[in-house]
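First comes the structure, then the notes that go with it.
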Amino acid sequence: MMWWGKVGKWFNQIVSIASGGKLLDEDWEEIEALLIQADFGVELVDEIMIALRDAMKSQEDIKSALRSVMLSKFLPDEGRKLHLSTGRLKVLFLGVNGTGKTTTVAKLAHYFKEKGKSVVLVAADTFRAAAIEQLAEWGSWLSVPVIRQMPGSDAGAVVYDGVASFKARGYDIMLVDTAGRMHTKHNLMEEVGKINKILVNQLPDVPQENLLVADSTIGQNSYNQAMLFKEKVGLNGIVLTKMDGTSKGGVVLRIEKELGVPVKFIGTGERVEDLEEFSPEVFIDRILG
Ligand code: GDP
């Protein structure tokens, strides 16, 4: 089964409830419970329920009702595209450890290489030796240079090295991996703020994307941390990983709504190819079958 077959299972259950004709209170309760389980979040579930009740009153088909209400909740598509107008781009990856950040850096490197771009990776998660090693391994697997220093060194210094290399060698794309958690003494938000400033100030003419990498099984704590990243450095997009896992899909809409930032890519597996540009229409059509 393709990943979206699993993701959209709740929807088939809603359809079979709705196919029984006039819906009783307990049917509506069941539909509401399914939407909650699908991880839309309470606020969106309320909005979807209202729209569904209206649709059923006017005898609209439940599938088209759900399709149009979901589509209307996504952010406009203009903001979803990467800023590739100049042909060059720097990307700052932000996110908690374990969400798939390093893997996503590798996936984006592969994505840009496929488009014929030259790519350089910057290992600015200097806090974890394993993170530097992991990025270096992806780099050699993808034949992409990795700018790195010893574990424990200053992340800002590594980013300066990355900038220098990007300028000197004229790369098209620079992808910067960052720490997801720090020593208590060292403040993560201060560090990403510093890295962001270096990128903005040293390469003012190169468009920049600050991408949040979030696990699609994201919990409330992750939303809180995401808001901190948003306040500190600003976010242009979200990469939602592990859509092939236990995700029920509703999280895509929920995270866009709660953070006010578009989902630009979804991760659908562990291989470098398992990355898709996110399109609300394609996504909805797949999970609604
Ligand atoms: P980081 O700590 O955020 O840098 O996370 P990693 O990149 O090391 O990834 C953590 C784990 O998640 C690894 O086992 C990855 O293979 C796995 N992973 C990352 N993205 C995906 C995805 O889209 N789907 C699946 N199934 N696994 C993923």
Side-chain angles (χ1 to χ4, degrees), residues 1-9 39 91-112 114 119 121-142 144 146-148 151-152 155 158-159 162 175-183 186 188-189 191-192 195 209-219 221-226 228-229 233 235 237-252 255 263-279 282-283 286-287:
M1 188 189 278
M2 300 300 280
W3 59 268
W4 56 84
K6 275 190 292 176
V7 169
K9 257 192 182 149
D39 207 11
V91 186
L92 178 58
F93 289 85
L94 304 157
V96 184
N97 292 343
T99 53
K101 185 152 34 85
T102 308
T103 309
T104 301
V105 173
K107 287 177 176 181
L108 260 297
H110 173 75
Y111 169 89
F112 284 118
E114 292 281 290
V119 181
L121 308 182
V122 181
D125 179 357
T126 52
F127 183 61
R128 290 185 301 166
I132 302 174
E133 285 311 318
Q134 196 188 339
L135 200 67
E137 273 169 35
W138 277 120
S140 60
W141 165 260
L142 293 164
V144 166
V146 180
I147 307 301
R148 57 183 286 189
V158 183
V159 175
L175 307 179
V176 182
D177 194 14
T178 63
R181 188 173 60 85
M182 303 288 301
H183 232 254
H186 207 117
L188 175 61
M189 293 302 151
E191 176 156 307
V192 297
I195 292 173
E209 295 268 346
N210 291 348
L211 295 185
L212 177 80
V213 179
D215 187 327
S216 54
T217 58
I218 181 170
N221 275 346
S222 312
Y223 282 100
N224 296 343
Q225 178 150 24
L228 289 178
F229 282 129
V233 298
L235 296 174
I238 300 165
V239 183
L240 204 54
T241 62
K242 308 184 192 180
M243 287 299 295
D244 55 311
T246 57
S247 175
K248 302 286 193 310
V251 65
V252 188
I255 198 169
V263 173
K264 295 196 173 182
F265 290 93
I266 52 176
T268 60
E270 295 187 278
R271 302 169 312 157
V272 285
E273 300 86 5
D274 297 329
L275 181 80
E276 290 184 17
E277 290 173 19
F278 181 72
S279 150
V282 171
F283 178 72
R286 274 174 176 175
I287 64 174

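Keep in mind that the numbers below use all heavy atoms, side chains included, and drop hydrogens, waters and symmetry copies. When a ligand or atom number is given, it counts from 1 through the structure's own listing order.
- Counting heavy atoms from C-beta outward, Phe278 and Leu240 have side chains that stay 4.5 Å or more apart.
- Screening Val105, Val176, Asp177, Thr102 for a side chain to side chain contact (heavy atoms under 4.5 Å, CB included) involving Leu121 leaves a single residue, Val105.
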Query - Asp274 and Asp244: CA distance, side-chain angles, deciding distance, side chain to side chain contact (heavy atoms under 4.5 Å, CB included) verdict - result: CA-CA 10 Å; Asp274 297 329; Asp244 55 311; over 6 Å; no
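- When only non-hydrogen protein atoms are considered, atom 27 (N) of ligand 1 lies nearest to Glu270 CG, 3.4 Å.
- Heavy-atom proximity to Gln134, at under 4.0 Å, picks out these atoms of ligand 1: 6 (P), 7 (O), 8 (O).
- In summary, the atoms of ligand 1 found under 4.0 Å from a heavy atom of Val96, numbered by their order in the structure, are 3 (O).
- In Asp244, the part holding a heavy atom less than 4.0 Å from any atom of ligand 1 is the side chain.
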Query - Derivation of the side chain to side chain contact (heavy atoms under 4.5 Å, CB included) call for Glu276 and Trp3 - result: CA-CA 12 Å; Glu276 290 184 17; Trp3 59 268; 3.7 Å; yes
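- Atoms of ligand 1 lying under 4.0 Å from at least one heavy atom of Thr268, given by number and element, are 23 (O).
- With ligand atoms numbered from 1 in the order given, ligand 1 contributes 1 (P), 3 (O), 4 (O), 5 (O), 7 (O) to contacts under 4.0 Å with heavy atoms of Lys101.
- For ligand 1, the atoms lying closer than 4.0 Å to a non-hydrogen atom of Lys107 are 20 (N), 22 (C), 23 (O).
- Remark: Asp39 does not engage Lys248 in a salt bridge, criterion side-chain N to carboxylate O under 4.0 Å.
- The shortest contact between atom 7 (O) of ligand 1 and any protein heavy atom is with Thr103 OG1, 2.6 Å.
- At a heavy-atom distance under 4.0 Å, no atom of Asp274 approaches ligand 1.
- Heavy-atom minimum distance, Ile147 versus Val158: O-CG1, 3.8 Å.
- Using a 4.5 Å heavy-atom threshold, the side chains of Val252 and Met243 count as touching.
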Report task. Mind running side chain to side chain contact (heavy atoms under 4.5 Å, CB included) on Thr178 and Lys101 for me, showing each step along the way? Result -> CA-CA 8 Å; Thr178 63; Lys101 185 152 34 85; 4.1 Å; yes
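- Considering each of Gly269, Gly245, Gly267, the one bringing a non-hydrogen atom nearest atom 21 (C) of ligand 1 is Gly269.
- For the pair Arg128 and ligand 1, a heavy-atom separation below 4.0 Å is found.
- Put simply, the side chain of Ser216 gets close to the backbone of Thr241: a donor and an acceptor are under 3.5 Å apart.
- Protein heavy atom in closest approach to atom 4 (O) of ligand 1: Thr102 OG1, 2.7 Å.
- Annotation: atom 23 (O) of ligand 1 to nearest protein heavy atom, Lys242 N, 3.0 Å.
- Between Ala109 and Leu142 the shortest heavy-atom distance is CB-CD1, 3.9 Å.
- Ligand-side atoms of ligand 1 in range of Gly100: 1 (P), 3 (O), 5 (O), 6 (P), 7 (O), 9 (O), 19 (C), range being under 4.0 angstrom from any heavy atom.
- Heavy atoms of Asp215 come nearer than 4.0 angstrom to ligand 1 in no pair at all.
- The residue Met243 has no part lying near ligand 1, judged by heavy-atom distances below 4.0 Å.
- Proximity of a side-chain donor or acceptor of Lys242 to a complementary backbone N or O of Ser247 within less than 3.5 Å is not detected.
- Protein heavy atom at the shortest distance from atom 2 (O) of ligand 1 is Gly98 N, 2.7 Å.
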